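All remarks here apply to the structure that follows.
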Amino acid sequence: FKDMGSNLKRIPEGKGPYSVGCTDLMTGHGIQGTFLRLYYPSQNDTSNEETLWIPKKEYYRGLSDFLNIYRKLGEFIFTCYIGSVTCPAKWDAAFQPGEKYPLVIFSHGLGAFRTIYSAICIEMASQGFVVAAVEHRDQSSSATFYYSEKPDFKAKGNAPELHKEWMYYRKLGSDEDEVELRRQQVQQRADECIRALDVMLDINSGKPTVNMLPVNFNWICLKDCIDIEKIAVMGHSFGAATTIETLSKDVRFKCGIALDAWMLPLSDDVYPRVHQPLLFINSEKFQWALNVLEMKKLDCKDRERKMITIKGSLHQSFPDFTFLVGNIVGKVFKLKGDVDPNTVIDVSNKASLAFLQKYLGLKKDFNKWDPLLDGKGLNVIPGTNVDLTLVASQAK
Ligand SMILES: CCN(CC)CCN(C[C@]12C[C@](c3ccc(C(F)(F)F)cc3)(C1)C2)C(=O)Cn1c(SCc2ccc(F)cc2)nc(=O)c2c1C=CC2
């Protein structure tokens with residue numbers, strides 16, 4: 001972690017024309033509520049601070065559990081080396097009004113949470129998207145919190161005081177069937193993405209929003225800010241499976257982007273129910289034949305399906321840690337591939353923008369990156385680098 005101390009490393013800024021703002025929203029009590037981090041096009045007022053990347057030390061505790069690191073040690077290491085990391089978005093910056101923006105709902109991976117895909121979310125917001133990164137309460141997040149309504153019997157008039165509770169990553173029991181657990185979790189995750197869309201559409205309609213968090217963002221300014229015809233869902237790994245499940249459940253999502261999808265949580269009966277266009281962006285190192293063959297099950301003639309693989313990339317090329325570690329830690333923990341992390345995320349973001357322009361019908365110039373969708377260009381190949389022939393023959 002020594003070279004993490006250098007801290008010269010930064011999460012990359014958005015490359016698009018818009019300044020980016022960021023805020024947090026939690027509506028509703030308990031695990032039924034919606035919790036999301038919002039990235040949005042903002043006015044260029046430099047007064048606001050940058051956003052704290054990991055806002056509470058309980059996330060370090062959850063990460064330590066997830067990574068099987070002794071809690072006290074993990075908390076110490078994370079606090080030291082990433083405790084002051086900010087992401088290049090202005091916290092609570094004024095929203096940029098005047099146009100209707102397409103909306104992306106983002107779903108994080110196993111052991112992750114809503115803040116650690118900020119490079120992707122900030123790039124999208126800088127290109128003119130509103131991005132809602134949900135935090136899942138299915139116990140797949142390293143940590144998350146909610147307010148439970150503990151009726152406080154002592155208090156007069158029985159006004160239930162709000163009680164903040166933390167939920168940590170649930171390790172798989174030794175005798176537990178992983179497939180069953182992940183299949184239940186992906187259902188809850190899809191419902192949480194759908195509820196997040198409902199919350200964003202309520203805000204868009206001007207419905208007063210009660211934020212449980214002590215944030216003074218002015219939600220009224222988001223009235224009529226979303227183009228409700230242009231809604232997409234995207235996610236990484238377990239969040240990519242969540243993307244596919246969400247598309248199958250709600251046709252308001254017009255297309256999906258699956259970043260290095262982990263297909264295990266999906267059962268076969270979901271595939272025929274996905275009618276929307278879907279882009280698979282795979283890393284070079286994470287995928288394996290049976291997993292890619294599951295993706296191929298979604299490949300049918302009258303459906304728009306695209307698959308590309310980014311050369312020199314690995315599973316951790318999509319979350320933000322890849323930008324914050326030196327080459328030593330990066331290699332040891334498999335957080336950095338052979339290609340510069342900024343180049344990898346650039347290819348992923350450009351391909352995503354080209355795909356979203358095509359299937360959300362945007363009036364931008366993202367079509368200049370269309371060749372990437374056919375695997376044409378530096379650091380990208382069409383389809384997969386995984387050899388499917390061997391397994392395909394056995395699978396017959
Ligand atoms: C430890 C044993 N094992 C528990 C199941 C975790 C094994 N593991 C590989 C890891 C995550 C790794 C990681 C992170 C972060 C640092 C840090 F030091 F930089 F913080 C280091 C080392 C450890 C790479 C994964 O789970 C990979 N993975 C992920 S990783 C998403 C994530 C989580 C936390 C983060 F901080 C960043 C990214 N999301 C998925 O949806 C799926 C999988 C696998 C199948 C489905």
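Note that ligands are numbered from 1 as they come in the structure, with each ligand's atoms numbered from 1 the same way. Computed from a predicted model, the values in this text were never measured in an experiment.
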Any heavy atom of Phe66 under 4.0 Å from ligand 1? The part involved is both
Just which atoms of ligand 1 are under 4.0 Å from any heavy atom in Leu63? 34 (C), 36 (F)
Could you see which bit of Phe238 sits under 4.0 Å from ligand 1, with heavy atoms only: side chain, backbone, both or neither? both
Applied to residues 18-43, the salt bridge (Lys or Arg N to Asp or Glu O under 4.0 Å) test, sequence neighbours excluded, yields Asp24-Arg37, Asp24-Arg114
Non-hydrogen atom of Pro319 closer than 4.0 Å to ligand 1: yes
For Phe78, the ligand 1 atoms whose distance to one of its heavy atoms is below 4.0 Å: 20 (F)
Please confirm whether the ring centroid of Tyr59 lies under 6.0 Å from the ring centroid of Phe113. yes
Between Tyr117 and Phe106, is the ring centre distance below 6.0 Å? yes
Is it true that Lys306 and Asp374 have a side-chain N and a carboxylate O under 4.0 angstrom from each other? yes
Ligand 1 atoms in contact with Ser237 (distance to a heavy atom under 4.0 Å): 39 (N), 40 (C), 41 (O), 42 (C), 43 (C), 46 (C)
Any heavy atom of Phe113 sitting closer than 4.0 Å to ligand 1? no
Arg183 to Phe238, cation-pi by 6.0 Å centre distance and 45° axis angle: no
Give a yes or no on whether a salt bridge exists between Lys311 and Glu284, defined as a side-chain N under 4.0 angstrom from a carboxylate O. no
For ligand 1, note which part of Tyr169 has a heavy atom under 4.0 Å away: side chain, backbone, both or neither. side chain
Sub-4.0 Å atoms of ligand 1 with respect to non-hydrogen atoms of Gly111: 33 (C), 34 (C)
Hey, is Leu172 touching ligand 1 through its side chain, its backbone, both or neither, going by heavy atoms under 4.0 Å? neither
Considering only heavy atoms, which of Leu67, Thr242, Val329, Asp65 lies nearest to atom 16 (C) of ligand 1? Leu67
Exactly one of Gln187, His136, Gln32 clears side chain to side chain donor-acceptor pair (under 3.5 Å) with Glu192, and that residue is His136
Ligand 1-proximal atoms of Leu335, by part, heavy-atom distance under 4.0 Å: side chain
Say whether Tyr117, considering both its backbone and side-chain N or O atoms, lies within less than 3.5 Å of an N or O atom on ligand 1. no
Using a heavy-atom cut-off of under 4.0 Å, does the side chain or the backbone of His108 touch ligand 1, or both, or neither? neither
Side chain of Trp91, backbone of Gly21: donor and acceptor closer than 3.5 Å? no
Could you tell me whether Leu110 and ligand 1 have an N or O pair separated by under 3.5 Å? yes
Supply the atom-to-atom distance Ile120 CD1 to Ile116 CD1, rounded to the nearest 0.5 angstrom. 10.5 Å
Would you say the ring centroid of Tyr101 lies under 6.0 angstrom from that of Phe95? yes
Should the proximity of His315 to ligand 1, defined as any heavy atom under 4.0 Å, be assigned to the side chain, the backbone, both, or neither? side chain
Can you list the atoms of ligand 1 that are under 4.0 Å from a heavy atom of Ile116? 35 (C), 36 (F), 37 (C)
Quick one: are the ring centres of His236 and His108 less than 6.0 Å apart? no
